[in-house]
Amino acid sequence: MKVLEVKNLVKRYGKNLAVSDIEFSVNQGEVFGLLGPNGAGKSTTINIITGLIQKDEGTVTILGKDLDKELTACKYDMGVVPQELAIYEDLTAAQNVSFFGSLYGLKGKELAEKVDQTLAFVGLSDKKKHKVKTFSGGMKRRLNIACGLATDPKILFLDEPTVGIDPQSRNHILESIKQLNEQGLTVIYTTHYMEEAESLCDRIAIMDVGQIVAQGTMDELRNLVVDHWFIKLRTNQAIDEALIQRIPGVKSVETIGDQWVIACQNKGTQLRDLIDLFIKHDQMVEELRVEEPDLEDIFLTLTGKTLRD
């Protein structure tokens with residue numbers, strides 16, 4: 001079941017095209033990542049979907065409901081954790097969660113239980129009665145998530161929730177997201193940290209300059225770029241490089257020291273074909289190492305820039 005469908009989404013600021021005709025969908029129970037550098041359009045996309053800003057073109061459907069026609073109903077299905085902290089410094093942790101829960105109609109015992117539950121989940125039970133202005137940056141980020149969970153959302157939007165925090169809080173947040181997803185919550189996660197997206201997300205959309213340049217699972221994204229195979233042969237007989245280049249899927253061949261470096265795309269039978277070729281020409285494979293691309297490599301290949309440019 002698709003819980004979110006975005007079609008032909010466009011947002012302009014004057015002559016600047018912030019989001020350019022993007023499309024993607026999110027399935028129930030998955031973590032879907034929007035990956036890209038600052039300024040790629042991730043936050044603008046999330047702000048449109050969550051009803052914070054108006055789109056110029058396109059459609060957004062939340063659990064079968066049209067965002068334009070049923071905005072209030074859609075908002076009740078969503079929890080939002082914005083990049084900019086949406087908490088009140090002069091209130092306590094409990095008062096912050098209580099406030100956001102009350103906006104969605106929670107009250108009395110139900111609200112009190114939700115406050116305790118969410119603060120315990122983010123590891124802030126012992127700070128329940130402490131004012132937020134005394135919190136560290138990581139604690140504020142965790143409270144921000146607690147406020148987003150106060151309404152039992154069906155979809156949770158997390159917009160760069162680990163920016164500028166200490167490693168301990170970052171790990172706590174990442175583990176909390178995994179736990180929420182294991183409980184069945186659908187998560188839309190934006191980040192410019194490729195290692196977070198790679199470890200958390202079932203599928204990833206790579207954004208750059210307001211466009212989605214690729215999307216899919218990690219395996220699907222890897223198939224868009226090359227693997228590098230490092231092969232060391234033990235033989236007294238040279239092998240013609242052209243024979244290797246003729247293998248379908250081989251993109252380039254070079255030698256570095258005593259190793260062949262072979263770049264392959266659309267992984268299929270190339271490794272078998274290579275081994276068959278070496279055997280046929282009396283070559284013995286002494287060492288074989290495969291270097292798969294990570295998200296940084298994929299992003300660099302598809303956009304010509306590093307993820308944090």
Give a yes or no on this: more than 12 heavy atoms of other residues, nucleotides or ligands lie within 6.0 Å of atom CD of Q183.
yes
Do the side chains of M139 and T134 get nearer than 4.5 Å, heavy atoms only?
no
Quick check for you: to the nearest 0.5 Å, what is the distance between L295 atom CG and L300 atom CG?
12.0 Å
Nearest 0.5 Å please: distance from the OG1 atom of T191 over to the NZ atom of K42.
7.5 Å
Is the closest side-chain heavy-atom distance between I204 and Y189 below 4.5 Å?
no
Note: R170-E196 ion pair, threshold 4.0 Å (strictly below)
yes
Which residue, L119, T118, V81, V97, forms the side-chain contact (heavy atoms from CB on, under 4.5 Å) with L149?
T118
Would one find more than 12 heavy atoms of other residues, nucleotides or ligands at under 6.0 Å from atom NZ of K178?
yes
Looking at Q168, I want to see if its CD is surrounded by more than 12 non-hydrogen atoms of other residues, nucleotides or ligands under 6.0 Å.
no
Judged by atom type as modelled, is there a donor-acceptor pair below 3.5 Å linking the side chain of K7 to the main-chain atoms of S25?
no
Could you grab the distance from atom CG of N181 to atom CD of Q179, nearest 0.5 Å is fine?
11.0 Å
If you measure from CE on M78 to OG1 on T186, what distance do you get to the nearest 0.5 Å?
13.0 Å
Name of the residue among L221, I206, T190 meeting side-chain contact (heavy atoms from CB on, under 4.5 Å) with L35:
I206
Check this for me: does any side-chain nitrogen of one of K131 and D90 sit under 4.0 Å from a carboxylate oxygen of the other?
no
Tell me whether the count of non-hydrogen atoms from other residues, nucleotides or ligands lying under 6.0 Å of CD in Q54 goes above 12.
no
Steps toward side-chain contact (heavy atoms from CB on, under 4.5 Å) verdict (K65, D77):
CA-CA 10 Å; K65 298 184 286 288; D77 290 328; 2.7 Å; yes
Could you go step by step and tell me if D297 and R222 meet the salt bridge (Lys or Arg N to Asp or Glu O under 4.0 Å) rule?
CA-CA 9 Å; D297 299 321; R222 285 192 182 103; over 6 Å; no
To the nearest 0.5 Å, what is the distance between NE2 on H172 and CG on D166?
11.0 Å
Testing L124, N96, V132 one by one against K140 for a side-chain contact (heavy atoms from CB on, under 4.5 Å), which residue passes?
V132
Once you measure the plane-to-plane angle for F32 and F24, does it fall in the parallel (<30°), tilted (30-60°) or perpendicular (>60°) bin?
parallel
Check each of F99, F100, Y88 against C147 using the side-chain contact (heavy atoms from CB on, under 4.5 Å) test, and report the only one that passes.
F100
